[in-house]
Every structure is written in structure tokens, then in C-alpha cells.
S.K.: 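This is the structure I want to talk about, given as C-alpha cells.
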Amino acid sequence: MVEHGAAAPSQRARRRALSLVFMLVGVAVVVFAIVSQVNAPTAPGSAAGTIDPPQSTSASPSTSARPSASATGTTPQSSPRKSKSQKPTTQKPRTVKPRTEKPRTEKPGTEKATSRKTRTKSRPLLPPSKPVSISIPAIDLTSEVFAIGKAADGTLRAPEPGPDLNKVAWFEDSATPGQLGPVVLEGHVDTVEGRSVFFDLGRVRPGDEVTLKRKDGRTLSYTVDAVRSYPKSRFPTEAVYGGDISQSTLRLITCSDFDRRTRHHQGNLVVFGHLRTTAAGS
Amino acid sequence: MSLTPLAAQADDGDAMYRATLTELNGSGGSGSFMLTVDGDDATVEMNWNGLAETFKDGPFPHVQHIHIGGQGKCPTPSADKNGDDVISTPEGQASYGGIGTTLSVKGDTSAKSATDITIAPGGSSLDYKRTFKLNADTRSALKDGTGVVVVHGLDPSTMSKKAQKAKSPLVSSLPLAATAPALCGPISAAPTGGADTGTGSTSGIEHAGLFGLGGLLIAGGVLAGARLRKTAKAS
Ligand SMILES: [Cu+2]
């Protein structure tokens, strides 16, 4: 980079200019690199909400609640069932831009599905129809949704480089929105290109709304129950792919806990939710 | 099945299976199925609704099974060979196979109890949880992805006149409606492990290359400047 040999006085000015240009460009490049740093994604509070969707609005946990669903029993970080009156989050989670948590207001009528018997009979049935788009207003997220399956080794495939890389994927063996059981969706937190569609998923809080639009035009609204992070080695398969299958539930999965040493994400962030309303519309 | 508990653990220790049940023969029902394997045992959780409610003034019996040995699929309308607009249980067999396990509410869970309506769930909806010993055939079918959940029992009023009068091809004392499939769902294993949904590109330092390039440029400039000063002093 640096020229060698004795410099004639005429060359000196040129060299001085050159060295100055080098330094200026260098500084500019470094400044650009600093400015374009992206904040690491938000980690969820360790106890945001309860995973099990509400079973009952009346405070009678003994009547219809079946022996604590397998979901809670096997999840390493799940907190014990809390009564609805308790505030779901006690610890303030680390957030990039802290959002004030919406109070969980109980609207009469929206959760009238109380005992499992009456719910199963009153819940309107929807024929299967794949999700085509998702929106989470609380984090300004909207995305197309495409179907994805399992890889040959039995793991869930992730969106691959190409037009679908930064879209949300629906696991094709999971329920479609409005059917009984979990609708399982996943998205990248980041890719080699930088932040991806679920970058802000860790900022979602219990009570937030997630809407899914189906291919048949129906839009369904889900309410977030819990946001959890798990080490990948102890991923709660039963809670994520099963859980309470007596109603339509929602799971949003992305990566979490980046380990700088291994250069890999050590964990998965999972948002748990349940169906609130069925809008016939659109 | 397995020689040691350890082998069972390694084999399918935390295997979990799921199926979404959709209507057959226009039953109007839907449901969900979940099976977790724990050693030799299986725990089945099942919820469905929207099926025929009463039969001869009693709860409509809905025999239900894990079918095995077929293609692991649910039949399409073309499976109706005799043209009565109903896919009977035998007509669907090419798709979902024969009976591997009977999902009864109590007692025997083998294929022998397949049509025992006295231990079948009844009514229009079901909230079911039962743990039982899973037989080897069903277990291997689940692994192969050829297990299918089928719930039987149609509301006769939704069937064609011809089908309403027909007898069950399985149990001659029952009408076709009692044993014709009403819900069907191919069983699939839940994905193993978590999701691979990140590269870490936004964690730690991005554009490490740019920092390197910038650093090199600055160093180059400083070096060149230093040489200039030296030569200036020397002359
Ligand atoms: Cu059957």
C-alpha cells in the first residue's frame, strides 16, 4: 500500500494527499460500519405469561381443568399455573424499545368458552384452510405465510435462501387456523442478510394480538398467552406441537440465545397463544 | 419391543405424534389427536366435535381406531366403489389400512375390540385421554408414517336413501351409518428438536469486514504519512 523509495519534493504533495485520502476513507468506512450495527434481538422475560390457554373465566380451577396438561409438566421453564388475577409478568424483560404492557382486560363474551364440554359444542367449526398471511400489530409485523415440512432427518425445515427466506412458514402437518390443535409457524430471527421477519418476536407480550388470514379469506384473531425461550437441547416438543388440543392454539417459533463462541443460536423463542375470535370477513 | 429401557429411550423416548382430524362422508365434524410414547406405553389425547349425537335414543357410538398398513392417507371420494355416496370402512382401507389399535374408552385396545360399541365413546363430541400399552404393529406403523386415525359413525340423515338402508359391511347387526368413517387424520411425528431459524448475523458485530477494511485504510494512510515526514526530515 505504501510506496517505497526516496520521494522527490514534487511527489511529496501527492503522497500527503494520498495518505489523507486513505485515512479519511478508512474513517468513513468504520463510521458506516458502526452506524449500521443492528441491535441484537430482544430476549423475552423469563416468565411472560402462562403457556396454557385460559380454560375458564370463572374462578373454579377444580371443575373442568384436567390434570395439569402435559404441556406444563415437561417444559423446563414453565411456571406453575397462575390464576388469572395475577399479573402475568413480574420481571421487566430486557427490551430494545420498551413497550408498555397492555393490561389484560377480560372482555365479557370473548372467552365464554368455559367448561370444555360447552366449548367443544359451541365452538364454530371451520373446514381446513391454510394460513396465507400473518400480522402482529404490536410489533408492526405483517408477512406472507408459506407451507413448510420436515427434513429427511425429522427436523423442522427452515425457510431457505430465495424469495421465501424472510417470510413466515407454516408447518404443514400442524393444524390450519381454526382447527383444533396448534397452528405452528416459524420465521428467522436473522439471516446472513441481517434481521429477518421474526427479529422482534421477543418483544411480543401476553395479551398481544396475532391475526392469521386463511386461504378461504377468513381472518382469525389469536391472543398471546406466553413468550418463552428454551435451550434447543430441551425444546418442549409436546407443549409446542401439542399442548391443549381441545381448542385452536398458536405457536410462533424463532431462534434465540446466540452464542458468540459457537456462532450458533443455542435456543428457540416460542410464542404461545389461543384463538380469540373468528371473523367471517374479507 | 426393545431389549432394555435404555434402548427404548434412545429409540423413541420422546416420540410424539399428531393428527388433525377432518371430516369424511360429509360428517361435518373435526378434531385433533395427539399421541406420546413413553417406553411401552402410549398416551392418547383426542378432541373432536360435530359428529352424530344420538342413535336409538342413546348416545351415538363412535368406534375409533388407529389404522395401519395402508398408505397412511385418508380416502378421497373416488374410494366409493359401489356408488352409494358413502365411503365405507372397507372402501377406505386401501388408503388407511386395517385396524392396529382400538381407541376405546376402557378395557381392550386391540383390533379385537374394533367394533365393540359398548366401550366406544358416544355422543357428538369427545374429550379423551387414555394411557395404554402400545402394540408393536401400531408402534412401527407410527414410525413409518402409515398410521391413520379414523373415527366412525355417521348421522344417517346425511346419507343417501340407499346408504341409509344398507347394513354395515363390518357388523351385520348394525347399519352402514354406524361404522362408516366420519373423521380421518394421517398421523405424523412431530419434528424433532427445535427450529433452525437464525444465523446470528444481528448478534455481536455485523460488517466485521468493513471494520477490517477501514482499519487497513487508516493504517495505510498513517504509514504513508509517517514515511513522508521521515523523508521530509532526511532531505
Ligand atoms: Cu377404524
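A note on names: the letters A, B, ... follow the listed sequences, proteins ahead of strands, and every chain is numbered from 1. Quick caveat, the model's predicted, so the values are computed rather than measured.
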S.K.: So how far is it from R18(B) CZ to I245(A) CD1, rounded to the nearest 0.5 Å?
M.R.: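 Answer for the CZ-CD1 pair, R18(B) versus I245(A), is 6.5 Å.
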
S.K.: Within a strict 4.5 Å, meaning less than it, do heavy atoms of the L180(A) and L21(B) side chains meet?
M.R.: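 They are not in contact (no side-chain heavy atoms under 4.5 Å apart), so the answer is no.
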
S.K.: Report, as yes or no, whether the 6.0 Å neighbourhood of atom NZ on K150(A) holds more than 12 heavy atoms from other residues, nucleotides or ligands.
M.R.: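 Atom NZ in K150(A) is crowded, with more than 12 foreign heavy atoms closer than 6.0 Å.
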
S.K.: For M16(B) versus E238(A), what's the shortest heavy-atom pair and its separation?
M.R.: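 The pair with the smallest heavy-atom distance is SD-CA, 3.6 Å.
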
S.K.: Should D196(B) and K232(A) count as side-chain neighbours, where that means a heavy-atom distance under 4.5 Å?
M.R.: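 Sidechains of K232(A) and D196(B): in contact.
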
S.K.: Do T197(B) and L156(A) touch side chain to side chain, with heavy atoms closer than 4.5 Å?
M.R.: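 Heavy-atom side-chain distance check fails, nothing below 4.5 Å.
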
S.K.: Does N268(A) reach the main-chain N or O of A195(B) with its side chain, forming a donor-acceptor pair under 3.5 Å?
M.R.: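 Here the side-chain-to-backbone pair exists.
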
S.K.: D164(A): what forms a salt bridge (Lys or Arg N to Asp or Glu O under 4.0 Å) with it, not counting sequence neighbours?
M.R.: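 Counting only residues at least two positions away or on another chain, D164(A) forms a salt bridge (Lys or Arg N to Asp or Glu O under 4.0 Å) with K167(A).
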
S.K.: Measure distances from F171(A) to the heavy atoms of chain B and classify the residue's part below 4.5 Å as side chain, backbone, both or neither.
M.R.: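 Side chain only.
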
S.K.: Output the distance between atom OG (S246(A)) and atom CG (L126(B)), rounded to the nearest 0.5 Å.
M.R.: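 Separation between the atoms: 11.5 Å.
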
S.K.: Please classify the contact of T176(A) with chain B as side chain, backbone, both or neither, using a heavy-atom distance under 4.5 Å.
M.R.: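 Neither part.
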
S.K.: Please determine, among G154(A), A158(A), P182(A), the option with the most heavy-atom pairs under 4.5 Å with chain B.
M.R.: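 Answer, by heavy-atom pair count under 4.5 Å with chain B: G154(A).
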
S.K.: Could you list which of residues 185-194 of chain B have a heavy atom closer than 4.5 Å to any heavy atom of chain A, in residue-number order?
M.R.: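 When heavy atoms of chain A are the reference, residues 185-194 of chain B contributes S188(B), A189(B), A190(B), P191(B), T192(B), G193(B), G194(B) within the under-4.5 Å range.
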
S.K.: Counting only heavy atoms closer than 4.5 Å, note whether T20(B) contacts chain A via side chain, backbone, both or neither.
M.R.: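 Only the side chain of T20(B) comes within 4.5 Å of chain A.
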
S.K.: With rounding to the nearest 0.5 angstrom, report the OG1 to CD distance, T22(B) to Q179(A).
M.R.: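 Answer rounded to 0.5 Å: 7.0 Å.
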
S.K.: Please check if the number of heavy atoms outside R130(B) that lie under 6.0 Å from its CZ is greater than 12.
M.R.: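 Buried by this count: over 12 neighbours within 6.0 Å.
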
